[in-house]
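The next block holds one structure in the form of structure tokens; read it before the comments.
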Number of protein chains: 2
Amino acid sequence: MRSEDLAKLLGLSRSTISRVINNYPDIPQATRDKVWKAIEEHNYAPNASARNLAGVKNKMIAIILLDINDNEEPHHVKTTEDTIIHDNPFFSPVVNAVSDQANKMDYYVLVSIAYSKKDLKKVQNIFHQKIIDGAIFVGTQEAEYELIFNLIEQNHKIAMIDTSEVYNTDHDAIYINADNYEGSVKAVSYLLELGHTSLGIITGNLKKLSAIERLKGFEQTLTQHGIERHKDAIYHGDFTENSGYDGAKHLLSGPNPPTAIFVSNDTMAIGAYKAINELGLRIPEDISIIGFDNSFFSPYLNPALTTIEISFSDIAKRATTLLIESIEQEQQRRIVEKEDATLIKRESCKAIKSM
Amino acid sequence: MRSEDLAKLLGLSRSTISRVINNYPDIPQATRDKVWKAIEEHNYAPNASARNLAGVKNKMIAIILLDINDNEEPHHVKTTEDTIIHDNPFFSPVVNAVSDQANKMDYYVLVSIAYSKKDLKKVQNIFHQKIIDGAIFVGTQEAEYELIFNLIEQNHKIAMIDTSEVYNTDHDAIYINADNYEGSVKAVSYLLELGHTSLGIITGNLKKLSAIERLKGFEQTLTQHGIERHKDAIYHGDFTENSGYDGAKHLLSGPNPPTAIFVSNDTMAIGAYKAINELGLRIPEDISIIGFDNSFFSPYLNPALTTIEISFSDIAKRATTLLIESIEQEQQRRIVEKEDATLIKRESCKAIKSM
DNA sequence: CTGAAAGCGCTTACAG
DNA sequence: CTGAAAGCGCTTACAG
């Protein structure tokens with residue numbers, strides 16, 4: 001059914017049908033009602049391509065998940081190709097939240113996952129073909145910046161999630177990230193509140209901004225509280241389970257074993273749990289552990305892991321809102337925001353007698 | 001940049017540009033090369049809406065996740081609105097696999113999550129507006145069948161995942177599900193191989209086909225092996241953690257406690273673990289536990305849960321392939337398939353001395 | 001208030 | 001082999 005058909009049926013012109021659909025003023029209520037009724041009855045919906053070609057916005061955004069393998073070790077555990085994204089703890093909440101928010105703002109969502117540089121061309125095409133009005137990039141790495149900056153120059157609207165180190169670019173865009181520093185401060189403060197004064201940290205891969213900021217939060221909080229640290233209270237991990245295992249073994253076998261360890265992500269906490277088990281120690285009786293990320297598995301660890309939650313939902317929601325605003329205002333906004341990180345108390349931390 | 005611009009640049013007509021893009025025969029290689037070179041250089045890509053309006057297929061499918069609350073208790077744990085889909089163990093693998101497979105077949109993927117009946121209208125619109133060529137529905141319930149059947153009658157191409165009880169409809173469609181019966185047979189057979197002869201089962205909600213088939217597999221396998229069962233070896237659960245807890249308590253406090261329990265999903269296994277802990281029993285030394293689903297948390301339980309894996313990836317991939325084939329052949333296929341369920345051996349089952 | 005007509009950017013018979 | 005032209009189904013100035 002085309003608008004022409006509907007028009008004939010009602011003895012009107014396509015113009016009028018179009019006007020009521022697009023909510024033009026100066027149409028008598030009676031006509032309006034008649035048209036809407038016929039639309040409902042005949043399940044008419046204007047052809048999206050025709051509308052689009054005639055100048056109406058598509059109202060479609062893309063969420064583009066970048067998971068392109070260069071030589072870097074991945075942040076999250078990966079096994080077969082199938083599970084790459086599945087194992088990525090933010091895939092589900094991000095896609096879900098973007099979809100949800102876009103839906104509320106009356107936009108459609110295209111999902112595109114790029115595994116290879118070849119896929120990047122397809123991503124580019126989505127823009128050039130005018131399929132979408134804008135996109136949210138997730139997990140961008142340096143190799144992809146050029147593409148993105150080109151897109152911005154071509155006046156496409158862009159938001160980025162979980163993308164670091166580009167704040168100082170001269171390309172306006174929306175950058176939404178978690179507040180890693182603040183989350184780290186919360187973790188350490190909590191440990192201090194519980195009475196711990198001997199703290200260790202297993203860091204993430206210090207090439208990543210998130211790892212750096214988490215370490216910075218740890219160090220500065222201790223300094224602020226006048227707590228001295230042993231040099232060997234810092235173990236340089238890399239966000240993997242294995243390095244968590246090694247880190248815990250190392251920290252707990254030293255001369256001054258800490259009473260609490262801040263593990264820079266939950267994946268490493270799994271390794272730390274194993275190591276601690278093997279050492280015959282108990283969590284939290286002998287050693288308190290706090291993680292970071294509130295990964296999906298953290299409530300199921302034994303004991304349930306106390307950790308810092310980063311709400312990827314909130315981040316995704318915020319990025320979506322700002323992106324769509326940029327689209328509607330036809331002006332790319334420049335926004336750099338960090339979203340709150342929250343302490344999630346579970347069972348892996350214990351108060352210590354203050355002596 | 002429009003095809004007209006490119007044509008002028010090259011001293012050709014739009015027709016020729018179009019012909020090389022659409023791979024028409026009878027074009028000299030020289031022309032072809034020249035055009036492609038210019039396309040690359042100028043980042044030209046044909047406007048998708050214009051193409052579509054001119055009759056070329058969109059090459060876009062939708063994945064429609066139905067999570068509409070009627071009065072039914074949900075299969076999976078749900079908390080706040082944000083986490084509804086996030087907690088759904090198949091969201092991520094399904095979206096990922098559909099996207100991946102569609103990408104390989106050169107299709108785009110629209111994601112749509114419907115929480116309410118109101119959202120269903122939007123779903124309908126995606127079809128009527130001709131935005132997509134077909135769709136995969138996930139988790140359809142009875143209330144949505146009418147909509148789907150209407151769509152099929154209107155000649156839209158449809159596949160369904162995780163949708164039961166509609167096999168005997170007269171509407172052709174693609175139905176892809178897990179083989180619950182076979183998975184159950186594998187679970188029980190494994191337990192028998194380990195030497196267990198006294199088995200208990202905690203069933204799922206027996207209104208659901210999956211629960212029924214899992215129970216049927218349990219019963220028939222035992223019968224085939226000539227193993228008698230006590231009536232009280234069957235506990236009627238409902239797929240929730242609590243019912244797993246109650247079930248384990250019930251089965252293990254009876255007069256003839258089993259040496260192994262087949263728990264009809266992993267969520268209930270969490271409850272069973274708790275109960276067993278409280279009873280002072282150890283897994284697997286005192287009691288073997290096998291789950292179903294291979295939910296994301298099952299490797300992290302302590303001990304890691306042996307379970308039956310349903311590959312939502314495979315299911316999604318298969319559905320995507322068949323859907324796109326239906327689209328390209330312009331004929332809705334009728335296909336009913338069950339995908340393999342696989343035993344995942346971990347640490348919650350132990351061999352028993354044969355006396 | 002409303003219709004006739006141009007135009008959006010392609011594709012594809014139709015000619016040549 | 002290739003161009004001119006019709007047509008896809010809308011929207012929106014332009015008239016009236």
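Lettering of chains follows the sequences in order, A, B, ..., and the numbering in each one begins at 1.
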For this session: May I ask you to check whether A:Glu339 and A:Ser311 show a side-chain donor-acceptor distance below 3.5 Å?
Result: no
Exercise. How far apart are the C-alpha atoms of B:Ser326 and B:Gln331, what are their side-chain angles, what is the distance that settles it, and do they pass the side chain to side chain donor-acceptor pair (under 3.5 Å) test?
Worked result: CA-CA 5 Å; B:Ser326 287; B:Gln331 162 128 26; over 6 Å; no
Exercise. So, B:Asp5 and B:Lys8, do they make that salt bridge, N to O below 4.0 Å?
Worked result: no
Exercise. Given atom CD1 of B:Ile27 and atom P of D:dT2, what is their separation to the nearest angstrom?
Worked result: 7 Å
For this session: Within residues 122-135 of chain A, find the residues that approach DNA chain D with a heavy atom at under 4.0 Å, and present them sorted by residue number.
Result: none
For this session: Specify the separation, in whole Å, of atom NZ of B:Lys57 and atom P of D:dC8.
Result: 18 Å
Exercise. Are any of the side-chain nitrogens in B:Arg19 or B:Asp26 under 4.0 Å away from the carboxylate oxygens of its partner?
Worked result: no
Exercise. Passes side-chain contact (heavy atoms from CB on, under 4.5 Å), B:Ser313 versus B:Asn96? Steps please.
Worked result: CA-CA 8 Å; B:Ser313 293; B:Asn96 194 38; 6.0 Å; no
Problem set entry | Pairing of A:Lys37 and A:Asp33 as salt bridge, 4.0 angstrom limit | no
Exercise. Once you round to the nearest 0.5 Å, how far does OH of B:Tyr44 lie from CG of A:Asn125?
Worked result: 11.0 Å
For this session: Going 5' to 3' through nucleotides 10-16 of chain C, assign each nucleotide B (protein heavy atom under 4.0 Å from a base atom), S (under 4.0 Å only from sugar-phosphate atoms) or - (no protein heavy atom that close).
Result: BBBBB--
For this session: Nearest whole angstrom, please: distance from the P of C:dT2 to the NZ of A:Lys8.
Result: 19 Å
Seminar exercise, completed: Sequence neighbours excluded, the answer for salt bridge (charged side-chain N to carboxylate O under 4.0 Å, His left out) partners of A:Lys121 is none
Exercise. Rounded to whole angstrom units, what separation is found between the CG atom of A:Leu10 and the P atom of C:dT2?
Worked result: 12 Å
Show me, pair by pair, the donor-acceptor contacts under 3.5 angstrom made by side chains of residues 146-161 of chain B, not counting sequence neighbours?
| residue | atom | partner | partner atom | Å |
| --- | --- | --- | --- | --- |
| B:Gln154 | OE1 | B:His128 | NE2 | 2.8 |
| B:Lys157 | NZ | B:Asn155 | O | 2.9 |

Exercise. Where does DNA chain D form stems of at least three consecutive Watson-Crick or G-U wobble pairs, each pair having both distances below 3.5 Å?
Worked result: C:1-3 with D:14-16, C:5-12 with D:5-12, C:14-16 with D:1-3
Only pairs under 3.5 Å count here: list side-chain donor-acceptor contacts from residues 51-63 of chain B, not counting sequence neighbours, and write none if there are none.
| residue | atom | partner | partner atom | Å |
| --- | --- | --- | --- | --- |
| B:Arg51 | NH2 | B:Asn22 | OD1 | 2.5 |
| B:Asn52 | OD1 | A:Ser49 | OG | 2.6 |
| B:Asn52 | ND2 | B:Val56 | O | 2.8 |
| B:Asn52 | ND2 | B:Asn58 | OD1 | 3.2 |
| B:Lys57 | NZ | B:Glu330 | OE2 | 3.0 |
| B:Asn58 | ND2 | B:Lys130 | O | 2.9 |
| B:Asn58 | ND2 | B:Ile131 | O | 2.8 |

